[in-house]
Amino acid sequence: MTQGAPADGRPADAGARFVPAEAEPRWIAAWQDSGALDVDPASDAPGFTIAIPPPNVTGALHMGHALNNTIQDVLIRRRRMAGDEVKWIFGTDHAGIATQKKVEEQLAAEGTDRWQLGRERFLERVWEWKETYGGRITRQLRSLGCTLDYADERFTMDEAYAAAVQRVFCDLHAKGHIFRGDYLVNWDPGLGTAISDLEVEMREVTDAMVEIAYPLSDGGGELVVATVRPETMLGDTAVAVSPDDDRYRDMIGRTCTLPLVGREIPIVADEAVDPEFGTGALKVTPAHSGDDFEIAQRHDLPAVSVIGEDGRMTAEAGEAYAGLTPEECARKVVEDLGAAGVLRSEREYTHEVPFSHRSGERVQPLISLQWFADMEALAEPAIAAVRDGRVRFTPERFTDVYLAWMENIRPWCLSRHLWWGHRLPVWYRGDEVHVGLDAPEGEGWEQDPDVLDTWFSSALWPFATLGWPERTDQLAAFYPTQVLSTARDIIFLWVARMVMMGLEYMDDVPFSDVYIHSVVQAPDGRRMSKSLGTGIDPEELIAQHGADALRFGLLMMSSTQDVRFSHDRIAQGRQLVTKLWNAGRLVVERGGALGDGEVAPQTEADRWMASRLTAAINDADEAVGGFRFSQLADGIYHLVFDEYCDWYLELLKAGQATPEVAAALLEQILALLGPVMPFVAEEVWAQLPGAQGMVIRHAPPRPLGGRDPEAEQAVERLKETVTALRSYASERGLPRRSGVSVWIDGPDTPEADTLRALAGAEAVDAPPEGASVVGLSFGRMHVAPAGGIDREAEIARLQAGIDQADSEISRAERQLGNERFVERAPAELVEQERAKLTRYTDERAALVAELAALRGGGQ
RNA sequence: GGGCAGUUAGCUCAGCGGGAGAGCGCCCGCCUCACACGCGGGAGGUCACUGGUUCGAAUCCAGUACUGCCCA
């Protein structure tokens, strides 16, 4: 199994199989030790930078990471080979909520909690946790073969990074973009903190919808409102109706009396009310509904908070309800409304309600004093940057997604009621508030206990990692970055904010291309997730099939849309690895070696393969340029399997190709392959006599000459002939080396040796007796099996051939008979159609003649 | 409620204006001196539906039906 590694690090014996588990660690170490990954900001070479979307320190590699980082590694490796000074910025994110939860779970297991520990000790525990477990994803990225700048690892809670965060907060505050206020926030009762709009997800829920009658204060009737949250009626401060609703027109401006509470509240007209929905009358609870909060602002209505940050009913809800949970309160309110005789109806209602993406609990909208960033001023240049193409999205459609969000940008709730994170640089003393890096002079100042939304620090990633605000060499050499590759679900959370911050603080976009990769779903189309049990662990796949196979398979799957995970694609990658390994062995065995000078293709087969390589290199460049990674992987696969192995190496064995050229071509194939499947590329390279250095620093794949149409045509005809002969033999159940005699009536008759080697057929000088006639695109071939032909079967086959030709002829005639086609279609196409007509007419005539001869001769 | 994407071979997906492709699976035959994680040969699609544009539509446009996602 394992080919024991001798002193020079190369496997001793090149067995039939490549063993990834043995080879991969060797190459990971070799890349590192050779200095191939070193980054030099002082280099004269052009810089090429990608900033990794920093994985959470708590994270383990999932399929999305595996795909995304394979893509980035392909880009990085290609540019490194091209001679750029590449930097793939590496680091992890402190991930406030996720990390704090992990440590809290740990504490719970120990029978304690963060309150007992106290803030300082708790934070120490988080750091300890990070030191102990935080390196997992780093190790996993290494085993995937990712060539990040591991030597310069960043963490969003590093001292220098934290200083950058504080500085930006203070600066945005000084510029008036950050403010503190009482606004409606998404309160996560599970975590006891506000969360941003983007951390909220809508889920479908079935609630009870009740209709409640609010009597008009002047005794002139009642107004029936519908609600799924009866407990919030305790906080109602108005009823709103549509201004166009005739049913309520005469009530606008009057007041009604809130049942159970007795508060007199106005009836207002507002465009936001949908007269079709419910009764057309909307109870307005500004403190616990986003829509209602906005209506209240338009009508200058007060807000009454009846649910507190502890998730329970407040004193303002009334003595009877204070202290209850909202659910308990809802039941009691309905009961009391019933008793009061104002409950009009009750039914089930299914609708979408907000849940915390973080804790999974139902979000409680409530008014709270928080710090916000007003993003409008920052959004403006970020919109311009995308509109004028300084930042391009691939696939393009995400441009509109980005712009739509940016153009309707809302204030960003920045404060999180957590302990782990960047603490707000804000100080309080009584009613005094100070924003600054340090507490002001004087006694009694206390720092705000809250921390910043994790995404606030992530927004600075492309430049804070390079040492900003210091004017470092790294910053000068590597900002802006070139490509950001990331998942669709963080376009707003992260991408948009990086653009805003980059423009604000670096006066330049943080990257010029944003590539949004596919979401990899479970094989059954569900989301891949641990909780659903649908997750597939990339680490296991690496162990089973090798990192190259995983990388290849993921690239094959990647697309402009979401894709289902396919084990078969990984298997396909593994097959390619094995194929290459064995191709390498064959080339070496046949005496292929790399020399010092240029190698020119010698034979027709050499020239054909060189031409195909040239095409493949061009296709690969084009694919990568357009971020079409499945096309890249597919192209390499077919070059290796269908061209190099199936035909070229077979021709080499048949003595029709040159070993030196085979080696030179393999070198370029490995250079093309290296960024995609780096391990097997190195391993095969290391086996090639004369190979210097490693693929990781090899020059980019170089064509061995341009396209060669002549050689391509000749080999295409050879392939067609060989395939036709194999088919012929296979259909008749002839043995593999069938020994049929063949005579070809047409140009480009392949060498007798080639036909013997590839098709097991014997070329003869004249049309053999008793032969079958088989049509080829460039002529006809007469094939005579040793045992003679089956006349009946041949007659049937010829008849089928004639029928086929007839249908082709009538198709071509129909096309050419269409005047409009002849007039309007491109001349080239019309010409093609004419040539086709001639060809099939000739073929038909030949087949008819053969048929006649066969019938006549058999008498 | 608004928007975006998808519907192509049994499965997973390419193709996106000139005669339907890949991988896997399936059938037949091969231990051919690189590779049985292999080699050779084959079968298998009215390209969701309806209309339109065009000499020509899987490919462009409009609509319908499902499916998924995003925003409200």
Side-chain angles (χ1 to χ4, degrees), chain A residues 14-18 197-198 201-202 272 274 276-277 290-291 352 354 395 397-398 400-401 404-405 408 410 488-489 491-492 518-519 521 523-527 545-546 549 552-553 556-590 592 628 630-631 633-635 637-638 641-642 645-646 649-650 652-653 684 722-738 757-760 807-808 811-812 814-826 828-830 832-833 836:
Chain A
R17 197 133 306 153
F18 168 69
D197 294 339
L198 296 169
E201 63 183 29
M202 304 305 277
D274 175 7
E276 306 293 320
F277 185 82
D291 294 338
E352 302 244 299
R397 70 186 122 95
F398 291 109
D400 289 338
V401 175
W405 185 77
N408 298 293
R410 314 231 310 238
R488 185 185 62 208
D489 56 353
I491 291 175
F492 309 141
S518 300
V519 173
Q521 301 167 332
D524 61 5
R526 286 188 294 169
R527 207 162 53 81
H545 305 285
F552 178 90
M556 280 298 284
M557 284 173 232
S558 90
S559 168
T560 55
Q561 59 179 90
D562 294 351
V563 290
R564 298 185 183 198
F565 180 82
S566 162
H567 279 285
D568 288 345
R569 292 298 186 197
I570 311 294
Q572 195 183 346
R574 195 182 53 176
Q575 286 165 347
L576 180 56
V577 167
T578 307
K579 197 72 180 170
L580 273 157
W581 173 252
N582 284 298
R585 288 206 303 151
L586 177 70
V587 170
V588 174
E589 207 177 281
R590 296 276 161 170
R628 289 185 293 271
S630 64
Q631 200 176 304
D634 193 54
Y637 181 89
H638 285 106
F641 263 82
D642 299 351
C645 290
D646 283 357
L649 290 183
E650 291 305 320
L652 176 69
K653 289 198 275 187
V684 173
V722 168
T723 303
L725 284 166
R726 286 170 177 168
S727 263
Y728 184 91
S730 177
E731 279 163 13
R732 286 165 182 72
L734 302 176
R736 193 169 56 80
R737 309 206 68 80
S738 62
L758 268 56
S807 89
E808 295 291 351
R811 203 192 94 86
R814 202 179 328 119
Q815 277 280 56
L816 292 165
N818 181 345
E819 279 173 41
R820 310 238 274 172
F821 171 75
V822 179
E823 265 170 46
R824 303 197 189 187
E828 197 185 70
L829 211 71
V830 177
Q832 264 177 39
E833 210 58 43
K836 220 175 279 177

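All chains are named by letter (A, B, ...) in the order of the sequence lines, taking the proteins before the strands, and each is independently numbered beginning at 1.
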By nearest heavy atom, map A:L829 and A:V722 onto RNA chain B; which one lands nearer the 5' end?
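This one resolves to A:L829.
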
Report the residue (A:N818 or A:D562) whose heavy-atom-nearest nucleotide on RNA chain B is the more 5′ of the two.
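Per heavy-atom nearest nucleotide, the more 5' residue is A:D562.
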
For [N] and [M], measure between their [atom1] atoms and round to the nearest Å.
N: B:G15; M: B:G6; atom1: C1'; value: 15 Å
N: B:U8; M: B:G45; atom1: P; value: 15 Å
N: B:A36; M: B:A48; atom1: C1'; value: 41 Å
N: B:U59; M: B:U54; atom1: C1'; value: 13 Å
N: B:U7; M: B:U50; atom1: C1'; value: 15 Å
N: B:A62; M: B:C70; atom1: C1'; value: 24 Å
N: B:G23; M: B:C61; atom1: P; value: 31 Å
N: B:G40; M: B:U32; atom1: P; value: 14 Å

Whole-Å gap separating [atom2] ([N]) and [atom1] ([X]):
X: A:R737; N: B:C39; atom1: CZ; atom2: P; answer: 17 Å
X: A:M202; N: B:A72; atom1: CE; atom2: C1'; answer: 8 Å
X: A:Y637; N: B:A22; atom1: OH; atom2: P; answer: 11 Å
X: A:L734; N: B:C28; atom1: CG; atom2: P; answer: 19 Å
X: A:Q521; N: B:G68; atom1: CD; atom2: C1'; answer: 7 Å
X: A:F552; N: B:C24; atom1: CZ; atom2: C1'; answer: 13 Å
X: A:F641; N: B:G40; atom1: CZ; atom2: C1'; answer: 15 Å

Give a yes or no answer on whether the side chain of A:N408 reaches the backbone of A:A404 with a donor-acceptor pair at less than 3.5 Å.
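Yes, the answer is positive, given that a donor and an acceptor are paired below the 3.5 Å cut-off.
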
Name the nucleic acid region contacted by [X], choosing base, sugar-phosphate or nothing; use a 4.0 angstrom heavy-atom cut-off, strictly under.
X: A:E650; answer: base
X: A:R726; answer: sugar-phosphate
X: A:Q832; answer: nothing
X: A:D489; answer: nothing
X: A:R564; answer: sugar-phosphate
X: A:P826; answer: base
X: A:T560; answer: nothing
X: A:H638; answer: sugar-phosphate
X: A:S727; answer: sugar-phosphate

If we only count heavy atoms from C-beta on, is the [X] to [Y] side-chain gap below 4.5 Å?
X: A:P354; Y: A:E201; answer: no
X: A:V684; Y: A:W581; answer: yes
X: A:E823; Y: A:V830; answer: no

Give a yes/no answer on whether the side chain of [X] brings an N or O atom under 4.0 Å of OP1 or OP2 in [N].
X: A:Q575; N: B:C24; value: yes
X: A:Q561; N: B:A14; value: yes
X: A:R736; N: B:G29; value: no

Looking at [atom1] of [X] and [atom2] of [Y], how far apart are the two atoms once the value is rounded to the nearest 0.5 Å?
X: A:L649; Y: A:N582; atom1: CG; atom2: CG; value: 10.5 Å
X: A:C645; Y: A:L586; atom1: SG; atom2: CG; value: 8.5 Å
X: A:R726; Y: A:R736; atom1: CZ; atom2: CZ; value: 10.0 Å

Between [X] and [Y], which heavy-atom pair has the shortest distance, and what is it?
X: A:L829; Y: A:F821; answer: CD2-CE1, 4.1 Å
X: A:R569; Y: A:F552; answer: O-CD2, 4.1 Å
X: A:V722; Y: A:A759; answer: CG1-CB, 4.1 Å

Which of the following nucleotides, [options], is nearest to the side chain of [X]?
X: A:R569; options: B:G42, B:A34, B:G23; result: B:G23
X: A:D634; options: B:A14, B:A22, B:G40; result: B:A22
X: A:A825; options: B:G18, B:G23, B:A36; result: B:G18
X: A:R488; options: B:C69, B:C39, B:G41; result: B:C69
X: A:D568; options: B:A34, B:G41, B:G23; result: B:G23
X: A:S566; options: B:U12, B:C70, B:A34; result: B:U12
X: A:K653; options: B:A72, B:A34, B:G23; result: B:A34
X: A:N582; options: B:C13, B:A34, B:G23; result: B:A34
X: A:T578; options: B:C70, B:A34, B:C35; result: B:C35

Can a salt bridge be assigned to the pair A:K836 and A:E833 using a cut-off of 4.0 Å between side-chain N and carboxylate O?
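Yes, A:K836 and A:E833 are salt-bridged.
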
Represent RNA chain B in dot-bracket notation, 5' to 3'. Only Watson-Crick or G-U wobble pairs with both distances under 3.5 Å count; pseudoknot-style crossings use [ ] and interstrand partners use |.
((((((((.[[[[.)..(..]]]].(((((.......))))).....[[[[[..)....]]]]]))))))).

For the side chain of A:R397 and the base of B:C4, is some donor closer than 3.5 Å to an acceptor across the two?
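No pair found.
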
